[in-house]
Amino acid sequence: MDGPERLEPASFLQTLPPVDFACIYGSSLHPNNFNKASMIDYILGVSDPQQWHAENLMMNRNHYASWMVHLGGPRLITEVADDIGAGVHFNPFVSHKDRMFKYGVVRMHDLVQDILGWERFYMSGRLQKPVKVIIDNLEIEKLNSVNLKAATSAALLLLPSKFSEEELYAKICSLSYMGDLRMLFAEDKNKVKKIVQGQFKLFQTMYKPLLEDFAARDLLRLSPFVDKKVNIIQDCGLSSTCSLVSSLPLPLRSKMGIKLGEEKVFDESGRAIRKMLIKSKEEGADCMRKILRNKVMISSARQAVAGLLTAGAVHGLRYVGNKMQKAWKSWW
């Protein structure tokens, strides 16, 4: 892909303190995006955010809102991200070599927890969509395969028996937007469709191996369509539904078990385990949808508040204004 060379990712990262993980996400990955006015988005994973921000303040003080720098510095920046936001601090509108950048800094432990358990379903949602990994010292990309499998299972639960490959990717993409308050007024209503259509081949690279694995387990059937795309038929029986639910993160399954009920059963070794009582695919899907929607609503609201605080008045209003302008254009 010619995107990375175009974006010069290493050049920008060299202006920041060292990180353990770095990836580019968003519209800058679109193969046909040559708009130099668009912002390039980064996720940066670090072991100790407070220490990292302390170092970055010495190197790039102008990246931060002045009130945060004066009132609390790195400690306040980290506390706002953890206690008000969704565990990530964003610095938007950072200029470098005639391009604009936004980077979000997250604790590596929190990133791993979100990938494996969908604790806040914020960073994990970002990583369910195409990203370009630049630095990966702790094999986060490999670990993310668990997140992708869970996202595929969640999407299949929400889809009917027959659907297209594009519809599957759209459903996966929409998981992290369910309940997102920004979608009501500050996001393009066609955002999911544009992401999938603009990055379709990247979605295929991410999810094709998983689809083949699901097909090998007789959970679905793939039939060739046009332009190397496939149509999909899935088994909507209770056994297949339970198999899909078993691939969801444990914290999500636990909440579903509380709502749907559980019974004690014994496995082959005689060990007592809790089995979720699912009567139908529709019931399981509806329960999961409500839990995810609530989780996304909380995380998106917290991050929106933290974002306005940490970006400063001018950058905060500028960022929201840009988002709302895109939203209004999509409605008219």
Side-chain angles (χ1 to χ4, degrees), residues 25-26 41 43 79-90 92 102 104-107 110-129 147-148 150-159 169-196 244-245 248-260 282-311 316-317 319-324 326-328 330-331:
Y25 69 94
D41 300 309
I43 295 171
E79 288 178 351
V80 169
D82 291 341
D83 300 336
I84 297 178
V88 56
H89 170 88
F90 282 99
K102 179 181 75 174
V105 181
V106 61
R107 185 181 288 102
D110 295 345
L111 178 61
V112 170
Q113 290 299 308
D114 206 39
I115 287 173
L116 296 179
W118 292 5
E119 296 290 343
R120 286 170 166 166
F121 204 46
Y122 193 79
M123 288 289 103
S124 51
R126 290 276 196 273
L127 295 176
Q128 288 166 3
K129 307 171 190 67
N147 183 30
L148 301 186
T152 304
S153 298
L156 289 173
L157 283 171
L158 296 171
L159 286 165
Y169 299 150
K171 186 62 69 176
I172 291 172
C173 187
S174 69
L175 291 175
S176 58
Y177 294 126
M178 293 192 304
D180 190 332
L181 299 176
R182 297 172 304 170
M183 298 301 290
L184 298 177
F185 67 93
E187 288 288 1
D188 186 339
K189 70 171 183 175
N190 300 312
K191 183 171 185 172
V192 169
K193 182 179 180 180
K194 288 179 179 179
I195 290 173
V196 173
L244 293 175
V245 169
L248 299 176
L250 179 58
L252 176 57
R253 296 203 311 270
S254 297
K255 288 187 177 181
M256 290 178 66
I258 292 172
K259 292 181 178 296
L260 297 176
E282 291 72 22
E283 182 187 55
D286 186 57
C287 180
M288 181 198 68
R289 182 190 293 110
K290 289 177 180 177
I291 295 171
L292 286 182
R293 182 182 289 124
N294 183 63
K295 192 178 288 285
V296 172
M297 185 180 297
I298 293 171
S299 290
S300 64
R302 289 179 58 170
Q303 191 58 43
V305 173
L308 287 173
L309 290 174
T310 58
L317 291 173
Y319 184 71
V320 172
N322 287 349
K323 287 284 187 180
M324 293 184 70
K326 289 181 181 179
W328 291 339
S330 73
W331 284 97

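Residue numbers run from 1 in the order of the sequence given.
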Can you see which heavy atom on [X] is nearest to which on [Y], and at what distance?
| X | Y | result |
| --- | --- | --- |
| Leu260 | Gly284 | CD1-CA, 4.4 Å |
| Ala154 | Leu175 | CB-CD1, 3.9 Å |
| Gly85 | Ala306 | CA-CB, 3.5 Å |
| Ser300 | Gly179 | OG-O, 4.1 Å |
| Ala86 | Ser299 | CB-O, 4.1 Å |
| Gln128 | Leu148 | CA-CD2, 3.9 Å |

Q | Residues forming a ring-ring contact (aromatic ring centres under 6.0 Å, His included) with Tyr122, sequence neighbours excluded | A | none

Q: Answer yes or no: is there a donor N or O on one side and an acceptor on the other, between the side chain of Asn147 and the main chain of Ser124, under 3.5 Å?
A: yes

Q: Tell me whether the guanidinium CZ or amine NZ of Lys129 lies under 6.0 angstrom from the six-membered ring centre of Tyr177 and within 45° of its axis.
A: yes

Once rounded to the nearest 0.5 Å, what's the spacing between atom [atom1] of [X] and atom [atom2] of [Y]?
| X | Y | atom1 | atom2 | result |
| --- | --- | --- | --- | --- |
| Met288 | Leu244 | CE | CG | 9.5 Å |
| Leu116 | Leu111 | CG | CG | 9.5 Å |
| Cys173 | Lys193 | SG | NZ | 13.5 Å |
| Ile195 | Ser174 | CD1 | OG | 10.0 Å |

Heavy-atom side-chain proximity of [X] to [Y] below 4.5 angstrom:
| X | Y | value |
| --- | --- | --- |
| Arg253 | Val245 | yes |
| Met256 | Leu252 | yes |
| Met123 | Ile115 | no |
| Phe121 | Met178 | no |
| Lys102 | Phe90 | yes |
| Ile43 | Val88 | no |
| Leu127 | Asp114 | no |

Q. What's the verdict on side-chain contact (heavy atoms from CB on, under 4.5 Å) for Val196 and Ile172, showing C-alpha distance, side-chain angles and the deciding distance?
A. CA-CA 10 Å; Val196 173; Ile172 291 172; over 6 Å; no

Q) So Asp82 and Asp110, side-chain contact (heavy atoms from CB on, under 4.5 Å) or not? Walk me through it. A) CA-CA 10 Å; Asp82 291 341; Asp110 295 345; 4.3 Å; yes

Q.
Just to verify, what does Arg120 make a salt bridge (charged side-chain N to carboxylate O under 4.0 Å, His left out) with, not counting sequence neighbours?
A.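 None.
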
**Q.** Candidates Leu292, Ile291, Leu157 - the one meeting side-chain contact (heavy atoms from CB on, under 4.5 Å) with Leu248
**A.**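 Exactly one candidate clears the test, Leu157.
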
Q: Identify whether the distance between the nearest side-chain nitrogen and carboxylate oxygen of Arg126 and Asp41 falls below 4.0 Å.
A: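 The answer is no: the pair does not qualify as a salt bridge.
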
